[in-house]
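Notes for the one structure printed next.
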Amino acid sequence: MDFSHRSQFREPLSTKGCAEECRDCSTFPAPFRRVGEAAHCYFSPLQLRAGEEIDFSADQIVRFVFVLSGELSLRHEASRVDVGTLQCLCVGPGRHFVAFAQHDTQAVVLTLVQHIGFCEQDIFGDTMPPDTERFTEAVPVLPIHQNLQRLLSDLFAIRELNNCIRYHRMKAAEMFMMIRVLYSTTEQARFFRAIVHPDNDFQVFVRNNYERARGVGELAALAGMSLSVFKRHFTEQFHDSVYHWMMQQKALRILADIRDGERSTRALMNKYGFRHYTQFSRFCKNCLQATPAQLIAAAGQRLQVNKKSEAPR
């Protein structure tokens, strides 16, 4: 009897070709996290016949329009931009515009809130070159990379997932990771210009940049304001002190990490800058009304309950 040679499958090393710690990653500036629980994030298919149009209201939603086939003409006030097959655009918040189909058009629209925290830092935060302001297009258009096209084309292939919020958040995270890698910083700067530099929206600036700052003074410096002027603007806009608001945001991120499966208090302390457990525990009790151990235990119990409820009967 002839025997064929059988080789041993070798598991690839998880750290091969990648930094041992995510904080050292040269591609993404911080440990990867899921899209924030509070973020509105939803993909919608858009199909228009030639001559049809659709109205988008002015609100605090950011919209990305990806044209997979056909051509759209977008009108905003006195400006107009044409978006052809395999092109996309980003429209910032507070803009009313109308999309008119020049031909039968198939597109995907992603709507999301300004700040989307699927990374430790906002993905738009540190990648933008300082010369972003030189771009003058009212609504810049970007070509759709073939890898991004595949993701968008398969978004609605599984009907059971179409209404799943977590699925949409996961796909948004995947999409932004692709954009981060597949496009140059100049292309990203042009494409995201409407939301990266919201000079006229103080709240948007704060939500996009507070995680980058190590303190209130540094956040004020990023805004180009004196500390006193920044604090005054902040109180007027948020009806809270800067320090208290930032502590609440940190608490919410800690809680989100625990709910996502983080069970190491040491890892959480290192990530959020706590040197001593007593300091970390006091922070959690003040902001989340429970110790880290209690929060972790509660998250574990919730997971067990969910598993039991999902078990087949």
Side-chain angles (χ1 to χ4, degrees), residues 22 25 27-46 56 59-68 83 86-93 95 99 106-128 139-183 185 187-196 198 204 207-212 249 252-253 255-257 259-261:
C22 288
C25 177
T27 303
F28 299 97
F32 180 79
R33 286 174 49 196
R34 55 88 186 102
V35 174
E37 290 291 345
H40 169 80
C41 171
Y42 208 83
F43 290 94
S44 302
L46 177 63
F56 292 87
D59 47 34
Q60 293 307 303
I61 299 295
V62 177
R63 291 180 175 87
F64 298 87
V65 181
F66 303 90
V67 177
L68 301 181
V83 190
L86 296 184
Q87 289 185 325
C88 57
L89 55 79
C90 169
V91 181
R95 286 194 170 194
Q106 180 181 1
V108 173
V109 179
L110 169 61
T111 59
L112 50 80
V113 294
Q114 178 71 41
H115 175 69
I116 187 163
F118 61 85
C119 285
E120 180 67 13
Q121 295 175 346
D122 193 294
I123 197 162
F124 313 128
D126 291 334
T127 60
M128 300 300 111
V139 182
V141 175
L142 193 69
I144 298 177
H145 192 279
Q146 61 182 3
N147 295 93
L148 192 57
Q149 178 190 0
R150 282 195 289 268
L151 182 149
L152 294 165
S153 298
D154 294 338
L155 268 175
F156 310 104
I158 304 176
R159 187 176 58 184
E160 291 81 0
L161 295 176
N162 288 351
N163 294 323
C164 176
I165 297 299
R166 186 169 294 276
Y167 171 74
H168 286 260
R169 290 171 178 153
M170 290 168 60
K171 285 301 179 181
E174 184 179 355
M175 187 195 79
F176 284 115
M177 290 178 74
M178 284 187 178
I179 291 175
R180 180 67 179 273
V181 173
L182 297 175
Y183 296 89
T185 54
E187 289 174 315
Q188 292 177 52
R190 177 186 291 111
F191 187 61
F192 294 120
R193 179 175 60 85
I195 58 176
V196 172
V204 167
R207 295 183 188 281
N208 270 1
N209 292 278
Y210 77 92
E211 292 183 65
R212 301 167 57 196
Q249 303 312 303
L252 291 174
R253 298 202 308 276
L255 185 60
D257 282 353
R259 287 175 174 172
D260 280 348

To the closest 0.5 Å, what do you measure between NZ (K171) and CZ (F43)? 9.0 Å

How close do S44 and F156 get, heavy atom to heavy atom, and via which atoms? C-CZ, 3.8 Å

Exercise: identify the closest heavy-atom pair between V91 and L89: CG2-CD1, 3.4 Å

Heavy-atom pair of closest approach, residues I144 and Q149: CG2-N, 3.7 Å

Do L68 and L152 have side-chain heavy atoms sitting under 4.5 Å apart? yes

Does any non-hydrogen side-chain atom of L110 lie less than 4.5 Å from one of C41? yes

Would you give the length of the straight line joining atom CG of L148 to atom OH of Y183, rounded to the nearest 0.5 angstrom? 5.0 Å

With a 6.0 Å cut-off on ring centres, are F176 and F64 close enough? yes

Should the pair Y42 and H168 be assigned to parallel (<30°), tilted (30 to 60°) or perpendicular (>60°) ring geometry? parallel

Considering only heavy atoms from C-beta outward, does the side chain of E174 approach that of M177 to under 4.5 Å? no

Can you tell me if R159 has over 12 outside heavy atoms packed within less than 6.0 Å of its CZ? no

Closest non-hydrogen atom pair between M175 and L151, with its separation: N-CD1, 4.1 Å

Backbone N or O of E160 within a donor-acceptor pair of the Y167 side chain at under 3.5 Å? no

Nearest 0.5 Å, please: how far is CD in E187 from NE2 in H145? 9.5 Å

Approximate separation, where rounding is to 0.5 Å, of Q106 CD and S153 OG: 7.5 Å

Enter the distance from I179:CD1 to C90:SG here, rounded to the nearest 0.5 Å. 9.0 Å

Please give me the minimum heavy-atom distance between I61 and T111, naming the atom from each residue. CG2-CB, 3.6 Å

Could you give the distance from CG (D260) to CG (L255), rounded to the nearest 0.5 Å? 9.5 Å

All heavy atoms of A107 vs all of V67, minimum pair found to be CB-CA, 4.0 Å

